[in-house]
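What you are looking at is a predicted structure, and each value in this text was computed from that prediction instead of being measured.
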Amino acid sequence: MSTSLATSLATSLSTVWARAGAQRARLLSTLVTLFGLLALTFFVGRVMPIDPVLSIVGPDADASTYQQVAVQLGLDQPLWVQFGRYLNELAHGNLGTSLLTGNAVSADIARVFPATLELATFAIVLGTLAGVPLGVLAASHRGRWQDNAVRVLSLTGYSTPVFWFGMMGLLVFYAWLGWAGGSGRIDLEFDGVLPPVTGLMLVDSALAGNWQAFGNSVRHLMLPAGILGLHSMAYISRMTRSFMLAQLSQEYILTARVKGLPESRVIWGHAFRNIRVQLLTIVALAYGGLLEGAVLIETVFAWPGFGQYLTNSMLLGDMSAVMGCVLVVGIIFVGLNLLSDLLYQVFDPRMH
């Protein structure tokens with residue numbers, strides 16, 4: 001009995017140690033990835049044909065003024081010194097000051113990110129709720145009119161530029177029909193009325209009990225979110241169809257049909273169950289891409305979000321803001337990958 005207990009204890013300890021080692025390796029890989037992303041962005045930004053000093057002083061400034069500003073920004077130092085100084089500031093929680101706004105980069109990101117978060121979340125929910133069933137429908141009716149219809153819809157949504165959809169949507173649903181709100185996140189009559197608790201317009205209006213502002217926010221949100229959702233739906237449905245076709249050609253599906261199981265159970269209870277893990281990665285990557293900033297849609301709808309802030313910072317050569325945004329994007333994708341790994345343990349039958 002004692003020998004058996006010792007063996008069981010040793011096995012448990014080795015399992016815990018192996019899992020801890022895997023977690024340490026994952027953490028180290030994450031840190032190396034983020035460091036490499038920062039280093040690449042920093043050095044590429046320094047060789048771009050954009051002069052941040054010139055953006056500040058203007059083209060008519062004299063040489064002494066130009067040199068003084070360059071020294072203040074630390075641009076007279078070697079690149080490795082500049083990068084080391086940036087990492088030191090980053091370790092103390094300082095992302096620098098934006099040349100675009102004059103505010104702390106962290107404050108700017110905290111201000112603009114909720115707008116993109118709200119837009120991207122609604123878009124990915126719409127895209128997933130529509131894309132997954134359409135992909136399953138297309139795969140289960142391969143070669144029939146349902147499959148062709150879904151493929152045409154997916155191809156249209158994936159290949160048509162989102163800014164064209166945005167302009168047409170504003171023309172039809174805002175200018176002609178009056179169903180949707182116009183540009184921005186809310187009408188001017190509600191601007192500044194809601195206390196900024198979370199930065200999410202729907203949440204803040206609900207917390208304030210201002211349901212008129214809530215409905216107005218929904219009208220402004222649904223059109224850009226629907227357009228981004230259409231784009232995500234096209235990608236998700238194509239991948240779902242591909243995954244389902246691979247599963248429906250397996251022998252266990254033929255066996256289930258020979259046993260006389262209902263087709264709905266074969267499709268959803270067997271084939272779809274085995275692609276859930278793959279779909280998690282696809283949805284997570286699509287969501288990360290939306291959170292990175294749907295620049296074109298934010299531009300068309302004057303949506304004050306993360307993508308628009310990043311684009312304006314890049315055009316100005318504001319490397320502090322660009323580096324801060326890149327770090328946020330890296331953390332987003334790393335976090336979504338970690339979340340996918342955790343959900344794997346819930347949805348993957350082999351984990352049970």
Side-chain angles (χ1 to χ4, degrees), residues 109 112-135 138 149-187 199-202 216-242 279 281-315 322 325-326 328-329 332-333 336:
I109 293 177
V112 300
F113 191 75
T116 298
L117 177 64
E118 194 169 49
L119 179 63
T121 300
F122 270 79
I124 198 63
V125 169
L126 294 175
T128 303
L129 291 179
V132 171
L134 286 176
V150 172
R151 293 173 68 182
V152 169
L153 179 63
S154 299
L155 182 61
T156 302
Y158 196 76
S159 60
T160 305
V162 291
F163 70 86
W164 186 86
F165 274 130
M167 292 186 293
M168 292 300 102
L170 283 174
L171 179 64
V172 174
F173 296 103
Y174 171 65
W176 290 355
L177 300 177
W179 294 352
S183 59
R185 302 178 68 190
I186 200 168
D187 285 347
L200 304 172
M201 199 65 70
L202 296 182
N216 189 267
S217 300
V218 171
R219 291 184 69 245
H220 279 262
L221 176 64
M222 292 310 298
L223 183 56
I227 293 172
L228 287 178
L230 175 64
H231 190 71
S232 299
M233 178 276 296
Y235 175 62
I236 293 172
S237 65
R238 288 175 60 194
M239 299 306 297
T240 302
R241 177 183 182 275
S242 177
L279 282 180
T281 303
I282 296 301
V283 173
L285 291 177
Y287 188 42
L290 293 175
L291 288 176
E292 183 181 350
V295 180
L296 295 176
I297 282 295
E298 290 184 359
T299 301
V300 171
F301 287 89
W303 197 267
F306 181 78
Q308 195 174 66
Y309 176 75
L310 174 58
T311 302
N312 293 336
S313 299
M314 292 181 64
L315 294 175
V322 172
C325 292
V326 168
V328 170
V329 170
I332 286 173
F333 276 97
L336 289 174

Could you list the donor-acceptor pairs under 3.5 angstrom formed between side-chain atoms of residues 156-167 and any protein atom two or more places apart in sequence or on another chain?
unit_1: T156; atom_1: OG1; unit_2: V152; atom_2: O; d: 2.8
unit_1: S159; atom_1: OG; unit_2: L155; atom_2: O; d: 2.5
unit_1: T160; atom_1: OG1; unit_2: T156; atom_2: O; d: 2.7

Nearest-0.5 Å distance that lies between atom [atom1] in [X] and atom [atom2] in [Y]:
{"X": "I124", "Y": "L129", "atom1": "CD1", "atom2": "CG", "value": "10.0 Å"}
{"X": "Y174", "Y": "R219", "atom1": "OH", "atom2": "CZ", "value": "8.5 Å"}
{"X": "L285", "Y": "F333", "atom1": "CG", "atom2": "CZ", "value": "6.5 Å"}
{"X": "I332", "Y": "F113", "atom1": "CD1", "atom2": "CZ", "value": "3.5 Å"}
{"X": "F301", "Y": "L296", "atom1": "CZ", "atom2": "CG", "value": "11.5 Å"}
{"X": "I227", "Y": "I297", "atom1": "CD1", "atom2": "CD1", "value": "4.5 Å"}

For [X], side chain to side chain contact (heavy atoms under 4.5 Å, CB included) partners two or more places apart:
{"X": "S217", "answer": "I186, M201, L202"}
{"X": "A130", "answer": "M233"}
{"X": "T311", "answer": "V295, L315"}

Kindly indicate whether the side chain of [X], heavy atoms from C-beta on, has any atom under 4.5 Å from the side chain of [Y].
{"X": "Y235", "Y": "I282", "answer": "yes"}
{"X": "T240", "Y": "L279", "answer": "yes"}
{"X": "D187", "Y": "H220", "answer": "yes"}
{"X": "T116", "Y": "E298", "answer": "yes"}

Salt bridge (charged side-chain N to carboxylate O under 4.0 Å, His left out) contacts in which one or both residues fall within residues 162-186, not counting sequence neighbours: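 Every pair satisfying salt bridge (charged side-chain N to carboxylate O under 4.0 Å, His left out) with a residue in residues 162-186: E118-R185.
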Pairs satisfying salt bridge (charged side-chain N to carboxylate O under 4.0 Å, His left out), at least one member in residues 225-239, at least two apart: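 Counting only pairs at least two positions apart or across chains, no salt bridge (charged side-chain N to carboxylate O under 4.0 Å, His left out) contact touches residues 225-239.
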Result of checking P133, S154, S242 against S237 for side chain to side chain contact (heavy atoms under 4.5 Å, CB included):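 Going through P133, S154, S242 one by one, the side chain to side chain contact (heavy atoms under 4.5 Å, CB included) with S237 is satisfied by S154 alone.
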T128 vs Y287, side chain to side chain contact (heavy atoms under 4.5 Å, CB included): CA-CA, chis, key distance, verdict: CA-CA 10 Å; T128 303; Y287 188 42; over 6 Å; no
